[in-house]
Amino acid sequence: MNASFANDRAWKGFLAAMSLVLAALLAAMVLLPDAKPRFGPAERAQKQAAARSATVAANQTYDKARAQAAAYLWTEAPDAISPQALGIVTEAAKKHGLKLSAFRPQKSTIEGALEELNYVVAIEGRFPAAAEFLRTLETPGNRLAVNLFQVTSSDGATDSVTATVGLVAFREVSQGAAKP
């Protein structure tokens, strides 16, 4: 069979097929129900206003949480944080009558947009003073977080202890300085 449109018969068949397709489309338009919107213009405006107010509320909550978190974040360079943290720890140990045995910076890690600068501190003294030492360190002004507190008794007859304290300083990493 030759598939050319050189004769009248091919054209008549093509036109008949197209007529059937058009008739089916016209029948579908007339007989099938119109698609109805799920809600009218008033309901749509109400839902859009609710979505906008929810977005504004979420942005306000985010800004508030961001401001609270900023009180605990360091803005200095990593090399400048360690001496400041040592100064804070030394001052807190003196204030509570504790002996600072060691202050060791650990390897820093980057998680997302935050860099964690870890430190291990060894102190010796009375247990109540060690507990107060922890409370002193974990304040927004110091910007240090305690993530480890291990206590061993130095002497069974007294309240003298040796404690190992893990500290973390969080620093926001700039976009260009982030490591993969």
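Taken to the nearest 0.5 Å, the CG atom of L117 stands 8.0 Å off from the OG1 atom of T109. How far CG of L15 is from NZ of K12: 10.0 Å, rounded to the nearest 0.5 Å. To the nearest 0.5 angstrom, S82 atom OG is 3.0 Å from Y119 atom OH. Within the model, atoms CG of L148 and CG of N118 stand 10.5 Å from one another, a figure rounded to the nearest 0.5 Å. With values rounded to the nearest 0.5 angstrom, F170 atom CZ is found 11.5 Å from I81 atom CD1. With rounding to the nearest 0.5 Å, the separation of CD in E138 from CG in L144 is 9.0 Å.
Closest of all the heavy-atom pairs between P83 and D79 is CD-O, 3.2 Å. Of all heavy-atom pairs between T136 and A92, the closest is CG2-CB, 4.0 Å. Counting all heavy atoms, side chain and backbone alike, R143 lies closest to L73 at CD-O, 3.4 Å. The two atoms that bring L167 and N147 nearest to each other are N-OD1, 3.6 Å, heavy atoms only. Nearest heavy-atom pair across A130 and V161 is CB-CG2, 4.5 Å. Residues N142 and W74 come closest through the heavy atom pair O-CZ2, 3.3 Å.
Residues satisfying the ring pair (Phe, Tyr, Trp, His ring centres under 6.0 Å) criterion with Y72, sequence neighbours excluded, are absent altogether. For R52, there are no salt bridge (charged side-chain N to carboxylate O under 4.0 Å, His left out) partners at least two apart in sequence or on another chain.
The cluster map of Ile, Leu, Val, Met, Phe, Trp and Tyr, joined by side-chain heavy atoms under 4.5 Å apart, puts F127 and V146 in the same cluster. Note: the hydrophobic cluster containing F14 does not contain V21 (ILVMFWY, side chain heavy atoms under 4.5 Å, direct or indirect links). Note: the hydrophobic cluster containing V151 does not contain V120 (ILVMFWY, side chain heavy atoms under 4.5 Å, direct or indirect links). Using a 4.5 Å cut-off between side-chain heavy atoms of Ile, Leu, Val, Met, Phe, Trp and Tyr, with links allowed through other members, L114 and V168 fall into the same hydrophobic cluster.
Atom CD of Q106 has more than 12 heavy atoms from other residues, nucleotides or ligands within 6.0 Å. Heavy atoms from other residues, nucleotides or ligands lying under 6.0 Å from CD of Q46 number 12 at most. The 12-atom threshold is not exceeded at CD of E111, counting heavy atoms of other residues, nucleotides or ligands nearer than 6.0 Å.
Between the side chain of E115 and the backbone N or O of V173, no donor-acceptor pair lies under 3.5 Å. No donor-acceptor pair closer than 3.5 Å links the side chain of D159 to the backbone N or O of P128. A donor-acceptor contact shorter than 3.5 Å is absent between the side chain of T162 and the backbone of T152.
The aromatic rings of H96 and F133 lie perpendicular to each other, with more than 60° between the two planes, well past the 30° mark.
Using a 4.0 Å cut-off between charged nitrogen and carboxylate oxygen, E132 and R135 count as a salt-bridge pair.
Side-chain contact between L100 and L86 is present, with heavy atoms from C-beta onward closer than 4.5 Å.
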